[in-house]
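By convention in this document, chain letters (A, B, ...) are assigned in the order of the sequence lines, proteins followed by strands, and residues within each chain are numbered from 1. Just so it is clear, the model here is predicted, and its values are computed rather than measured.
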2 protein chains.
Amino acid sequence: MTTRPGPRERLLDAARELTYSQGVQVGVDAILKRADVARRSLYQHFGGKDGLVAEVLRSDGGLDRYRQVMNEAGDDPRERVLAVFDELDVITSRPAFRGCRYTAAELALTDPAHPAHAEVRAFKEGLHRLMAAELTRHGHPDPDAGADQLLVLIDGVLAHAVTRPGARPALAARALAEAVLAAPK
Amino acid sequence: MTTRPGPRERLLDAARELTYSQGVQVGVDAILKRADVARRSLYQHFGGKDGLVAEVLRSDGGLDRYRQVMNEAGDDPRERVLAVFDELDVITSRPAFRGCRYTAAELALTDPAHPAHAEVRAFKEGLHRLMAAELTRHGHPDPDAGADQLLVLIDGVLAHAVTRPGARPALAARALAEAVLAAPK
DNA sequence: CGCATCGTATACCGATCGTTCTATCTATTT
DNA sequence: AAATAGATAGAACGATCGGTATACGATGCG
């Protein structure tokens with residue numbers, strides 16, 4: 001018999017689900033109800049809603065998922081990068097898809113002092129490093145600029161898929177990713 | 001001496017500014033105060049906040065701005081398309097830049113029944129037609145797919161610029177737009 | 001045992017949300 | 001001049017917001 005996770009984990013899980021499906025503007029009451037946790041525990045563990053939201057982003061493990069997709073694609077940097085876009089096509093085709101959690105948070109949170117902004121930035125920079133590393137191994141002449149292009153493609157797919165579900169933007173982006181990979185060595 | 005615009009125009013202007021700088025979650029009170037308009041006028045003209053937000057998107061004239069940028073670039077489809085990305089570099093470099101108004105609205109409004117969603121979709125499809133028309137004139141083998149790629153690039157630039165201001169994503173995307181235009185004829 | 005810690009449950013706070021209402025004023029129209 | 005429509009000002013509505021306070025139960029450790 002498995003023991004129930006503690007309030008902290010339950011809060012993180014509930015907040016992760018609800019802030020994605022309902023946006024970061026979900027009420028704390030909804031999160032508390034979903035987590036089946038006392039109101040006080042939220043403020044005890046995270047100091048408030050802002051802290052909880054930031055921790056959701058920090059502990060989301062988005063970078064690990066990118067790493068895993070690439071690792072399953074083998075060793076060739078080219079295949080590893082293209083695998084990301086194949087996976088994006090799967091993700092954006094799911095009915096529950098609601099866009100990139102980080103971009104959505106960045107746009108929804110007006111206050112520049114919100115702790116979530118730092119997590120968004122950290123994620124995007126980590127992703128940039130991830131892609132630049134692949135391009136370096138691939139022999140790309142300017143891995144930094146190439147990674148910028150890949151990030152634009154990724155963000156574009158995730159943003160565009162929200163508004164035009166039938167467009168399969170990941171497939172369109174995949175062809176452009178091949179252009180990035182085809183840069184003269 | 002110029003006469004002051006009516007309450008309807010003042011409401012639209014105020015809502016346009018505030019929903020962009022503060023997000024669609026701005027309070028009605030803030031909009032009313034900025035527009036210097038009676039509370040009742042809002043519900044008289046737009047039926048409620050949802051109607052006002054939807055009308056802001058509908059009357060925003062975003063497509064006209066794209067058209068204008070392309071017209072100023074001359075007749076050559078290639079120059080016209082690339083001019084869009086040059087303009088995006090300018091827009092995303094402005095301090096007041098806060099992302100794409102339509103994408104932000106789409107992500108922030110959870111309720112699928114919100115009237116704003118239809119306006120977002122109409123805008124994106126209009127933009128798609130705009131780009132496909134240029135590619136057709138340019139002799140692109142698959143204008144529809146090419147337009148998909150351009151839209152991914154545009155959405156990617158607008159989304160990415162919010163999180164990594166120094167990255168100049170429009171320049172990265174411009175190079176990829178050239179790849180779209182270089183498709184075999 | 002005795003005590004502290006953690007979690008729960010619930011009541012409550014002031015503030016703000018979108019919306020409806022009444023009342024008054026002004027401009028145009030008949 | 002009278003009537004009508006549109007706009008203004010402001011109170012008030014119930015609901016919900018994030019956050020705090022109080023009281024009680026369970027658990028762990030000395």
Sugar-phosphate only, base, or nothing, as touched by A:Arg10 at under 4.0 Å among non-hydrogen atoms: sugar-phosphate
Whole-Å gap separating C1' (D:dG10) and CG (B:Leu32): 12 Å
Footprint string (nucleotides 11-18 of chain C, 5' to 3'): B base within contact, S backbone only, - free, heavy atoms under 4.0 Å: B-----SS
Electrostatic pair A:Arg164:B:Asp155 at N-O distance under 4.0 angstrom: no
Between C:dA9 (P) and A:Gln44 (CD): distance, integer Å: 16 Å
Ring geometry between B:Phe123 and B:Tyr102 (parallel below 30°, tilted from 30 to 60°, perpendicular above 60°): parallel
Point-to-point distance, once rounded to the nearest 0.5 Å, from OG1 of A:Thr19 to CG of A:Leu52: 8.0 Å
side-chain hydrogen bond (donor to acceptor under 3.5 Å, both in side chains) contacts touching residues 133-145 of chain B (sequence neighbours left out): B:Arg80-B:Glu134
Rounded distance in Å - CG (A:Asp36) to P (C:dT8): 7 Å
side-chain N/O A:His45 vs C:dG7 OP1/OP2, d < 4.0 Å: yes
Separation of atom CG in B:Leu11 from atom C1' in D:dG6, rounded to whole Å: 14 Å
A:Lys124/A:Glu106 salt bridge by N-O under 4.0 Å criterion: no
Those residues that, when tested against B:Arg174, pass side chain to side chain donor-acceptor pair (under 3.5 Å) (two or more places apart): B:Asp86
Any B:Ser41 side-chain nitrogen or oxygen under 4.0 Å from OP1 or OP2 of D:dT8: yes
Can you give me the N/O atom pairs linking the protein to nucleotides 24-28 of chain D at distances under 3.5 Å, or say none if there are none?
none

Heavy-atom neighbours of B:Arg58 CZ exceed 12 at 6.0 Å: no
B:Gln149 side, atom CD; A:Leu171 side, atom CG - distance, nearest 0.5 Å: 10.5 Å
Same cluster (ILVMFWY, side-chain, under 4.5 Å), B:Leu63 and B:Tyr20: yes
Value in whole Å for how far the P atom of D:dT16 lies from NZ of A:Lys33: 11 Å
Enclosure of B:Asp64 CG (heavy-atom neighbours >12, cutoff 6.0 Å): yes
Consecutive-pair stems (at least three Watson-Crick or G-U pairs, under 3.5 Å) that include DNA chain C: C:1-30 with D:1-30
Pairs meeting criterion side-chain hydrogen bond (donor to acceptor under 3.5 Å, both in side chains) with involvement of residues 89-100 of chain A, two or more places apart: A:Asp89-A:Arg168
Atom pair distance, as rounded to whole Å: CG in A:Asp111 and C1' in D:dG18: 14 Å
Separation of C:dG7 P from A:Glu9 CD (nearest whole Å): 11 Å
Any B:Arg4 side-chain N or O less than 4.0 Å from OP1/OP2 of D:dA7: no
